Amino acid sequence: MEEYRGVWVFIEQNDGDIEGVSLELLGAGRKLADKLEVPLAGVLLGNAIQSLSSEIIAYGADVVYLIDHPVLKDYRTESYMKGIMLLAEKYKPEIFLYGATPNGKDLASAVATDLNTGLTADTTMLDVDLEKRLLEASRPAFGGNIMATILCKKHRPQMATVRPKVMKALERDTSRTGNIIEEQITLNEDAMRTKVLKIVKDVTKTASLADAHVVVAGGKGMGDLQSFQLIHELAETIGASVGGTRDVVEAGWLPHELQVGQTGETITPKVYFAIGISGAIQHVVGMKNSEFIIAINKDPNAPIFDVATYGIVGDAMEIVPKLIEQFKELRKEKGGEVSYV
Amino acid sequence: MHIVVCVKQVPDTKIIKINPKTNTLDRRSAPAILNPYDAHAVQEAVKIIKMVGGGTISVLSMGPPQATEVIKKSIEIGADKGYLISDRAFAGADTLATSYALSKALERISKEEPIDLVICGLHAIDGDTGQVGPGIARRLDIPPVTNVIEVSELNEKEKTILLKRKIANGYQLIQADYPCLLTVGKEINEIEYSPLPNMIKAARYEPVIWTVNDLENVNRPQLGLKGSPTIVGKMFTPPKPEGGMKLEGNSDEQVKQLIELLTDKQDLFFTHVN
Ligand SMILES: Cc1cc2nc3c(=O)[nH]c(=O)nc-3n(C[C@H](O)[C@H](O)[C@H](O)COP(=O)(O)OP(=O)(O)OC[C@H]3O[C@@H](n4cnc5c(N)ncnc54)[C@H](O)[C@@H]3O)c2cc1C
Ligand SMILES: Nc1ncnc2c1ncn2[C@@H]1O[C@H](COP(=O)(O)O)[C@@H](O)[C@H]1O
């Protein structure tokens, strides 16, 4: 196992744009690599993407492993995993991180199988046990408000997928230097069993929830679908997007795209209203990095108050209409729209 | 056309209740159900078989003997046959060991009738990893296509299937050669009401049950706890962030304070556009 050294981050790029989570992972990976006193590498696959290497270095990498090939133009499990296997078997990293995006999860699952190693899904905290050189990948555990730390003691590399928007990217620093190591690969399009015929980008609700500055989220505490309309009304009044908990989605009050949390979206708006939301860990991991969190809950012991900047203990049925009224007043006073800057 | 759907029995996390003070979960309150995503996987198999005009749907589960329940549930939705692999040797498996055991069972099933498609759920609501599907595909050396949101065409002559696959901000239109493995989420279809004959069949149905001895070429150290590289190190309550400020007074006062905090004092929130 000693031959495995270094921390690697899979750099996911779509059409030459690096996914945000990859930069966040370079930030998180930098800390792990410094602790372990090993280099941090970004692993970049694609077609005509060499120019991204300097970006990867600017965001913290010491090394970029690069494979550039026309067959790697669009993400596909079979071609990408061939590239990753080639690099991992040759250079043997001890830790290998991927963004928990559809592609990152897909790739990591396939690679872990071929490398016969452990993979922790949807990690939200990363650390290392220096003495044993063990990656401590923690994720919300099934059930309670509890985190479980997953370890992979006897297999290398230690792999994890990490949720977007929970780690922090470093400041871009173009004065940083690093090595670029390019590998050649033999891939034949005709031998591929999957073809990407086209890619359709759709900027729908998910994107608007993900990018919203202000989110008004409601939970099961709203009581029923009709009372949940108050959430929509408040959101409309202040120009916010609507979100909700899984329980609300399962009750059919909101579509799945608007679910915030471990199995929904992870978001970091400036202001997040959590109304009638208990604050289960699976929900909290999706919103806790919001700048201001305002919780309204009638139970003073609800865990949501632990993450809230401002908390109101009270009945949402009473508070929310008053809030709406006050915000409407404010809008009138200011003579027009209210919005976040 | 022979489709095998992997189905898992999971505790109903919707019903499971957590005591927020002790952080313990009340397991008694959680009935075991068919993983909701796997129900959609079975439903999609039913749709595909209808689309091509005939074929067999088998379901495969690994778990304790009670897992026959989720096989029966799958028969209700429209599966023809069910297999359960159940053995102490499989216990304690993480995703790597699970995909190994399931792939060995799939090899055995394919001897009875060659498999064209394997469908898995996007993830299981208990472990919640989504790693088992791609793992099975690698072991069987068939291409995995995860996050499929639509199966639009199947060409039996060319042995190709046309799929939409969800990605970060949109979808890929993919043509895959089959046999291949798909994973599907909830948006792919609506679960239909089970027709009466299915219900009757399900009630009486006895799945095929295999132990580890019924599977061929099994490397035992790759199974169960022994074959699982990951272990749970510790459980802990996440460090609590700075407890915020609770606003005092009656509801009118609370609302007033909040608005002030968000506007004047912090100068954070509302500004006049133009
Ligand atoms: C594997 C797994 C993944 C999960 N993923 C997610 C996820 O992505 N997102 C997610 O949200 N959840 C997720 N969950 C579910 C999560 O554990 C919680 O069950 C869920 O977040 C609770 O939703 P809730 O807060 O709306 O409902 P509840 O927990 O029922 O809370 C309702 C709250 O409303 C309060 N309330 C009641 N009436 C009023 C009133 N009149 N005024 C004010 N307050 C009131 C109550 O005091 C209570 O705190 C997941 C669970 C598991 C096991
Ligand atoms: N024990 C099991 N038996 C049958 N199928 C399983 C089992 N575990 C996982 N699967 C399949 O793999 C999918 C993803 O599971 P997971 O990787 O655990 O999130 C599930 O939706 C099932 O289709």
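Letters go in sequence order (proteins before strands), and every chain restarts at 1. Computed from a prediction, not measured in an experiment: that's the story for all the values here.
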Worksheet entry | Side chain, backbone, both or neither of A/Glu318 within contact of chain B (heavy atoms, under 4.5 Å) | side chain

Practice prompt. Could you walk me through whether A/Met125 and A/Met147 pass the side chain to side chain contact (heavy atoms under 4.5 Å, CB included) test, one step at a time?
Written response: CA-CA 9 Å; A/Met125 287 168 79; A/Met147 301 281 291; 3.6 Å; yes

Fill in: Residue pair A/Thr124 / A/Arg139: nearest heavy atoms and the distance that separates them
OG1-CA, 4.2 Å

Worksheet item: Any idea which of B/Ala176, B/Cys180, B/Gly227 has the most non-hydrogen atom pairs under 4.5 angstrom with chain A?
Response: B/Ala176

Discussion item. Using heavy-atom distances under 4.5 Å, tell me whether B/Leu258 contacts chain A through its side chain, its backbone, both, or neither.
Written reply: side chain

Worksheet, complete the sentence: Applying a strict 4.5 Å limit to non-hydrogen atoms, the region of B/Asp252 in contact with chain A is both

Worksheet item: Can you tell which of B/Ile142, B/Leu162, B/Thr183, B/Val145 has the highest number of heavy-atom pairs within less than 4.5 Å of chain A?
Response: B/Ile142

Item to complete: For residues B/Ile149 and B/Tyr171, determine if any side-chain heavy atom of one lies less than 4.5 Å from a side-chain heavy atom of the other.
Response: yes

Discussion item. Less than 4.5 Å to any heavy atom of chain B: does that hold for the side chain of A/Ala112, its backbone, both, or neither?
Written reply: backbone

Item to complete: With the side chain counted from C-beta on, respond yes when B/Pro114 and B/Asp116 share a heavy-atom pair under 4.5 Å apart, and no when they do not.
Response: no

Worksheet item: So does B/Glu107 pair up with B/Lys104, basic N to acidic O under 4.0 Å?
Response: yes

Worksheet item: Do the side chain of A/Lys105 and the main chain of B/Thr146 share a donor and acceptor less than 3.5 angstrom apart?
Response: no

Fill in: Choice from B/Pro143, B/Pro134, B/Gly130, B/Pro144 maximising heavy atom contacts with chain A below 4.5 Å
B/Pro143

Fill in: Residue among A/Pro102, A/Gly118, A/Gly314 with most heavy-atom pairs under 4.5 Å to chain B
A/Pro102

Fill in: Test item: side-chain donor near acceptor, A/Glu19 and A/Thr101, under 3.5 Å
no

Worksheet entry | Toward chain A, the part of B/Ile161 with a non-hydrogen atom under 4.5 Å | neither

Worksheet item: Is A/Asp129 paired with A/Lys153 through a side-chain N to carboxylate O contact shorter than 4.0 Å?
Response: no

Discussion item. Minimum heavy-atom separation for B/Ile136 and B/Cys120, please, with both atom names.
Written reply: CD1-SG, 4.1 Å

Worksheet item: Among A/Glu78, A/Lys154, A/Met81, which has the most heavy-atom pairs under 4.5 Å with chain B?
Response: A/Met81

Worksheet item: In terms of heavy-atom pairs under 4.5 Å, which option from B/Thr95, B/Val232, B/Ile231 contacts chain A the most?
Response: B/Ile231

Fill in: Portion of B/Asp94 that has a non-hydrogen atom of chain A nearer than 4.5 angstrom
neither

Worksheet entry | Side-chain donor-acceptor pair present, A/Arg246, A/Gln259, cut-off under 3.5 Å | no

Item to complete: Name the region of B/Lys234, side chain, backbone, both or neither, that has any atom closer than 4.5 Å to a heavy atom of chain A.
Response: both

Response to the item:
Highest number of heavy-atom pairs under 4.5 Å with chain A among B/Gly249, B/Gly170, B/Pro229 belongs to B/Pro229

Worksheet entry | Short N-O contact, B/Lys186 and A/Glu250, less than 4.0 angstrom | yes

Worksheet item: Tell me, side chain or backbone of A/Ser138 under 4.5 Å from chain B's heavy atoms, or both, or neither?
Response: side chain

Worksheet item: If you tally heavy-atom pairs under 4.5 Å against chain A, which of B/His123, B/Lys166, B/Arg165, B/Glu248 wins?
Response: B/Arg165

Worksheet entry | Choice from A/Ile199, A/Asp106, A/Val196 maximising heavy atom contacts with chain B below 4.5 Å | A/Asp106

Discussion item. Whether the A/Lys322 and B/Ser251 side chains hold a donor-acceptor pair (N or O, under 3.5 Å, no angle test) is what I'd like checked.
Written reply: yes

Practice prompt. Considering only heavy atoms and a distance below 4.5 Å, find which of A/Glu12, A/Met192, A/His155 pairs most often with chain B.
Written response: A/His155

Item to complete: Sort out for me which of A/Asp74, A/Ile319, A/Asp114 touches chain B most, counting heavy-atom pairs under 4.5 Å.
Response: A/Asp114

Worksheet item: Side chain, backbone, both or neither: which part of B/Leu96 has an atom under 4.5 Å from a heavy atom of chain A?
Response: side chain

Practice prompt. Just give me the residue among A/His256, A/Arg76, A/Gln326 that pairs up with chain B most often, heavy atom to heavy atom, under 4.5 Å.
Written response: A/Gln326

Worksheet item: chain B heavy atoms under 4.5 Å from A/Asp315: which part of the residue, side chain, backbone, both or neither?
Response: neither

Worksheet, complete the sentence: Applying a strict 4.5 Å limit to non-hydrogen atoms, the region of B/Lys164 in contact with chain A is neither

Item to complete: Start with the C-alpha gap between B/Asp38 and B/Val70, add the side-chain angles, then the distance that decides, and say whether side chain to side chain contact (heavy atoms under 4.5 Å, CB included) holds.
Response: CA-CA 10 Å; B/Asp38 302 353; B/Val70 298; over 6 Å; no

Worksheet entry | A/Thr263 versus chain B, the contacting section by heavy-atom distance below 4.5 Å | side chain

Discussion item. Ignoring hydrogens and geometry beyond distance, is a side-chain donor-acceptor pair present between B/Arg139 and B/Ser99 at under 3.5 Å?
Written reply: yes

